Amino acid sequence: MAWPHFVLPFEPSVIAELRDRNLIVVVECPDEILTTVAAVRASGNHLDCIVLRWHQPLDALEFAEDWGDVPLVVEVQSLGKLHRLSRQLELIRRLELRVDLPLATAAQAVDLQILASLNIPCRAVFGAKVDWDAAADLMTYA
């Protein structure tokens, strides 16, 4: 029987209490990513991934080379300006990264199409509000 995955906020004392567990750690700030990796390694647990809940467009996130071996999911509401994001595309493609976007508007569906066309792993998140026409268009695109 496989161990369950524990989803928890970044709280070093909680992580330190667990042993030999698969952890998914949710952070709110990119500065916590490497600190989270260190805390999980020191605790003897396995880091399944870090979920960064980024409250700005994706283009506002400064990706770091140090994140190269960190399994990372970035939850955003929009892509932002493609020309700003394009400055970091080479680095983004080298990261172990997936971008999660809600599928509540047609603009978000377009953002998902753009990310997919750039070879950036992404996922449409179906929440309380879904633009079903945009979802149908996205499925046709896929």
Side-chain angles (χ1 to χ4, degrees), residues 1-18 20-43 45-142:
M1 179 178 191
W3 287 102
H5 287 74
F6 290 81
V7 180
L8 60 150
F10 178 57
E11 189 61 52
S13 61
V14 174
I15 291 171
E17 289 179 17
L18 300 170
D20 198 29
R21 301 291 186 205
N22 293 315
L23 304 182
I24 298 170
V25 183
V26 180
V27 300
E28 301 284 334
C29 175
D31 294 338
E32 295 176 326
I33 292 173
L34 295 179
T35 308
T36 300
V37 171
V40 172
R41 285 183 181 154
S43 70
N45 291 295
H46 171 74
L47 180 64
D48 189 67
C49 72
I50 294 176
V51 177
L52 171 60
R53 294 201 170 130
W54 187 242
H55 301 289
Q56 300 177 47
L58 186 62
D59 70 339
L61 181 58
E62 288 297 324
F63 293 89
E65 287 281 350
D66 294 348
W67 302 349
D69 62 344
V70 179
L72 182 62
V73 175
V74 180
E75 294 179 351
V76 294
Q77 296 296 311
S78 71
L79 177 66
K81 304 288 184 196
L82 183 56
H83 73 277
R84 285 185 54 189
L85 187 66
S86 67
R87 297 178 194 145
Q88 299 188 84
L89 280 179
E90 188 177 317
L91 172 58
I92 291 170
R93 288 187 184 121
R94 288 195 311 266
L95 298 177
E96 192 176 333
L97 172 76
R98 185 184 73 226
V99 178
D100 285 0
L101 269 161
L103 192 50
T105 67
Q108 290 167 327
V110 170
D111 286 350
L112 286 160
Q113 289 175 343
I114 292 169
L115 288 169
S117 72
L118 294 171
N119 250 1
I120 298 172
C122 54
R123 180 172 64 176
V125 178
F126 290 75
K129 180 183 176 199
V130 176
D131 183 328
W132 290 106
D133 290 332
D137 289 345
L138 189 60
M139 288 183 269
T140 302
Y141 173 81

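What you see is a predicted model; the values in this text were computed from it and never measured.
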* **Interatomic spacing from CG in L85 to CG in L115 - rounded to 0.5 Å** => 7.0 Å
* Got a donor-acceptor contact below 3.5 angstrom from the N45 side chain to the I15 backbone? -> yes
* To do: Return yes if some donor-acceptor pair links the side-chain N/O of Q88 with the main-chain N/O of L61 below 3.5 Å, else return no.
  => yes
* Residue pairs passing the side-chain hydrogen bond (donor to acceptor under 3.5 Å, both in side chains) test where at least one lies in residues 109-119, sequence neighbours excluded -> none
* Structure fact -> On a heavy-atom basis, the closest approach of E96 and P71 is OE2-CB, 3.3 Å
* Taking the side chain as every heavy atom from C-beta outward, state whether Q77 and Q108 have any pair of such atoms under 4.5 Å apart. => yes
* Can you check whether L103 reaches D131 side chain to side chain, under 4.5 Å on heavy atoms? -> no
* Closest contact, heavy atoms only, E32 versus V27 -> OE1-CB, 3.3 Å
* Asked: How about I33 and F10: do any of their side-chain heavy atoms sit closer than 4.5 Å?
  -> no
* Just how far is it from atom CG of D100 to atom CG of L52, taken to the nearest 0.5 Å? -> 11.0 Å
* Structure fact -> Tightest non-hydrogen contact, residues A124 and L112, listed as CB-CD1, 3.6 Å
* **Step-by-step side chain to side chain contact (heavy atoms under 4.5 Å, CB included) determination, W67 to I50** => CA-CA 11 Å; W67 302 349; I50 294 176; over 6 Å; no
* To do: Please report the shortest heavy-atom distance between L58 and V74, naming the atom on each side.
  => CD1-CG1, 4.0 Å
* Structure fact -> Hits for salt bridge (Lys or Arg N to Asp or Glu O under 4.0 Å) against R87, two or more places apart or cross-chain, chain-then-number order -> none
* Min side-chain heavy-atom separation P57-D59 under 4.5 Å -> yes
* Residues forming a side-chain contact (heavy atoms from CB on, under 4.5 Å) with R94, sequence neighbours excluded -> E65, E90, L91
* Once you round to the nearest 0.5 Å, how far does OG of S43 lie from CD of E17? -> 11.0 Å
* Taking all non-hydrogen atoms of both residues, which atom of Q56 and which atom of V76 are closest, and how far apart? -> O-CG1, 3.9 Å
* Structure fact -> On a heavy-atom basis, the closest approach of W54 and A60 is CZ2-O, 3.6 Å
* Structure fact -> Rounded to the nearest 0.5 Å, the CG atom of D133 sits from the OG1 atom of T105 at a distance of 12.5 Å
* Asked: Once you round to the nearest 0.5 Å, how far does CD of E11 lie from OG1 of T36?
  -> 10.5 Å
